[in-house]
Amino acid sequence: QAGISDATIKLGTQAPMSGPVAMIGMVADGIDLKFKAINAAGGVKMGDGKIRKVELVIMDDANEPPRTVTNARRMVEQNGVFAFVGSVGTPQNQAIKAYVTENKIPNLFIYSGIYEWGDEKQNPWGTMLVPSFTTESAIYAKYLQANKPNAKVAMLHINTDFGTNFLDGFKAAIKGTGVTLVAAQSNSNNDPTVDTQMTNLKAAGADTLLVATAGKAAAQ
């Protein structure tokens, strides 16, 4: 089996180690630290009874889906990884899904929570790690119903399926409640600021802000 020997298993991951959301590259750093600790403790005992060390290949896609595809092909065809693990990003994992499916490469613990990752028909060779964004938004809605039942909510969301899943999930979760969504504005990871979006949200008369974006925009 490619990527597996009696002593080792080779896995690959990628994250935006550079670019506008480079802080999310910490996900890959965390995976690397964990595997190093596991290897130092002796390795992983697997289903066949053998104990293997994990070899982790990390590549930087700079938050650019075409680069994610190039990296995926390189990790499989040149580095010989058995599977991907913890790869970061919604459009990035969407970009490699066809390649993963065609070549039957496990794409495990995807670091994204869009609905399709939990659908076996849409994502037959992948598993998700984080809760779905629709579930997350419903949790926020439930919190507001309990603690601010007449909240007038403004949402800043990223312009990917992460943001649209979150927005749609929140709308569904507040139906029939006193919580209202008075405005929603989207942003791109490449926007220099979200000043315009925030001005528009404030003008809508909101008293509660819900943020469904990442990196610099979330910090701003």
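The shortest distance between side-chain heavy atoms of Val88 and Pro16 falls below 4.5 Å. When side chains are defined from C-beta on, Val100 does not count as touching Asn123, because their heavy atoms never get closer than 4.5 Å. Using a 4.5 Å heavy-atom cutoff, the side chains of Phe84 and Ile105 are in contact. No side-chain heavy atom of Thr13 sits under 4.5 Å from any side-chain heavy atom of Val57. Using a 4.5 Å heavy-atom cutoff, the side chains of Thr127 and Trp117 are not in contact. For the pair Lys53 and Ile38, the minimum side-chain heavy-atom distance is 4.5 Å or more. Within the 4.5 Å cutoff, no side-chain heavy atoms of Gln92 are placed close to those of Arg67. Two residues are said to be in side-chain contact when any heavy atoms from C-beta on lie closer than 4.5 Å; Gln94 and Asp161 meet this criterion.
No donor-acceptor pair under 3.5 Å is formed between the side chain of Asn187 and the backbone N or O of Thr213. Judged purely by atom type and a 3.5 angstrom limit, Lys10 has no side-chain atom pairing as donor or acceptor with the backbone of Val54. For Asn107 (side chain) and Gly126 (main-chain N/O), no donor-acceptor pair under 3.5 Å exists by modelled atom type. Glu55 places no side-chain N or O within donor-acceptor distance of the main-chain N or O of Gly3, the cut-off being under 3.5 Å. Side-chain atoms of Asn79 do not come within 3.5 Å of backbone N or O of Val81 as any donor-acceptor pair.
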Show the atom names and distances, to 0.1 Å, of all donor-acceptor pairs under 3.5 Å that link a side chain in residues 176-183 to residues at least two apart or in another chain.
unit_1 : atom_1 : unit_2 : atom_2 : d
Thr177 : OG1    : Ile174 : O      : 2.7
Thr177 : OG1    : Val179 : N      : 3.1

Only pairs under 3.5 Å count here: list side-chain donor-acceptor contacts from residues 18-36, not counting sequence neighbours, and write none if there are none.
unit_1 : atom_1 : unit_2 : atom_2 : d
Ser18  : OG     : Asp60  : OD2    : 2.6
Asp32  : OD2    : Lys36  : NZ     : 3.2

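Within the structure, salt bridge (Lys or Arg N to Asp or Glu O under 4.0 Å) pairs that include any residue of residues 174-187 do not occur (at least two apart or interchain). The stretch residues 140-150 participates, sequence neighbours left out, in these salt bridge (Lys or Arg N to Asp or Glu O under 4.0 Å) pairs: Lys148-Asp207. Listed by first and then second residue, the salt bridge (Lys or Arg N to Asp or Glu O under 4.0 Å) pairs involving residues 74-98 are Arg73-Glu77, Lys97-Glu116 (not counting sequence neighbours). Within the structure, salt bridge (Lys or Arg N to Asp or Glu O under 4.0 Å) pairs that include any residue of residues 208-220 do not occur (at least two apart or interchain).
Under the 4.5 Å side-chain heavy-atom criterion for Ile, Leu, Val, Met, Phe, Trp and Tyr, Ile96 and Tyr115 are members of distinct hydrophobic clusters. Both Leu108 and Met46 are members of a single hydrophobic cluster when ILVMFWY side chains are connected at heavy-atom separations under 4.5 Å. Neither Val153 nor Leu209 shares a network with the other; the hydrophobic side chains, linked directly or stepwise wherever heavy atoms of I, L, V, M, F, W or Y lie under 4.5 Å apart, form separate groups for each. Note on Val211 and Phe166: separate hydrophobic clusters, where clusters join Ile, Leu, Val, Met, Phe, Trp and Tyr whose side-chain heavy atoms are under 4.5 Å apart, directly or indirectly. Both Leu129 and Val85 belong to a single network of hydrophobic side chains, linked directly or stepwise wherever heavy atoms of I, L, V, M, F, W or Y lie under 4.5 Å apart.
Rounded to the nearest 0.5 angstrom, Phe109 CZ and Leu11 CG are separated by 10.0 Å. Distance check, rounded to the nearest 0.5 Å: CG of Asn165 to CD of Glu136 gives 11.0 Å. Here Thr208 contributes atom OG1 and Tyr143 contributes atom OH; the two are 9.5 Å apart, rounded to the nearest 0.5 Å. In this structure, OG in Ser87 is found 11.0 Å from CE in Met59, a value given to the nearest 0.5 Å. With rounding to the nearest 0.5 angstrom, the CG atom of Asn159 is 9.0 Å from the CG atom of Asn190.
Closest approach of Gly42 to Ile51, counting heavy atoms only: O-CG2, 3.3 Å. Nearest heavy atom pair, residue Gln197 against residue Leu156, reads CB-CD1, 3.8 Å. Closest heavy-atom contact between Thr193 and Gln220: CA-OE1, 3.3 Å. Between Leu144 and Ala151, the shortest heavy-atom distance links the atoms CD2-CB, 4.3 Å. Among all heavy-atom pairs drawn from Phe82 and Pro106, the shortest one is O-CD, 3.6 Å. Closest non-hydrogen pair, Leu201 versus Gln185, comes out as CD2-CG, 3.6 Å.
Partners of Thr90 by side chain to side chain donor-acceptor pair (under 3.5 Å), not counting sequence neighbours, listed by chain and number: Ser112. Taking Thr134 as the reference, Ser132 meet the side chain to side chain donor-acceptor pair (under 3.5 Å) condition, with sequence neighbours excluded. Checked against side chain to side chain donor-acceptor pair (under 3.5 Å), Ser5 has the following partners two or more places apart in sequence or in another chain: Thr8. Partners of Lys152 by salt bridge (charged side-chain N to carboxylate O under 4.0 Å, His left out), not counting sequence neighbours: none found. For the ring-ring contact (aromatic ring centres under 6.0 Å, His included) test, residues two or more places apart in sequence or in another chain that qualify with Phe133 are Phe162. Under the rule for a side chain to side chain donor-acceptor pair (under 3.5 Å), the partners of Gln122 that lie at least two apart in sequence or sit in another chain are Asp119.
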Side chain to side chain contact (heavy atoms under 4.5 Å, CB included) between Ile158 and Asn189, worked out: CA-CA 7 Å; Ile158 195 167; Asn189 279 323; 3.5 Å; yes
Derivation and outcome, side chain to side chain contact (heavy atoms under 4.5 Å, CB included), residues Ile114 and Met128: CA-CA 9 Å; Ile114 63 171; Met128 64 197 301; over 6 Å; no
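Dense packing is recorded around OH of Tyr99, with more than 12 heavy atoms of other residues, nucleotides or ligands lying under 6.0 Å away.
Side-chain contact check for Asp61 and Thr68: at least one donor-acceptor pair (N or O, by modelled atom type) lies under 3.5 Å.
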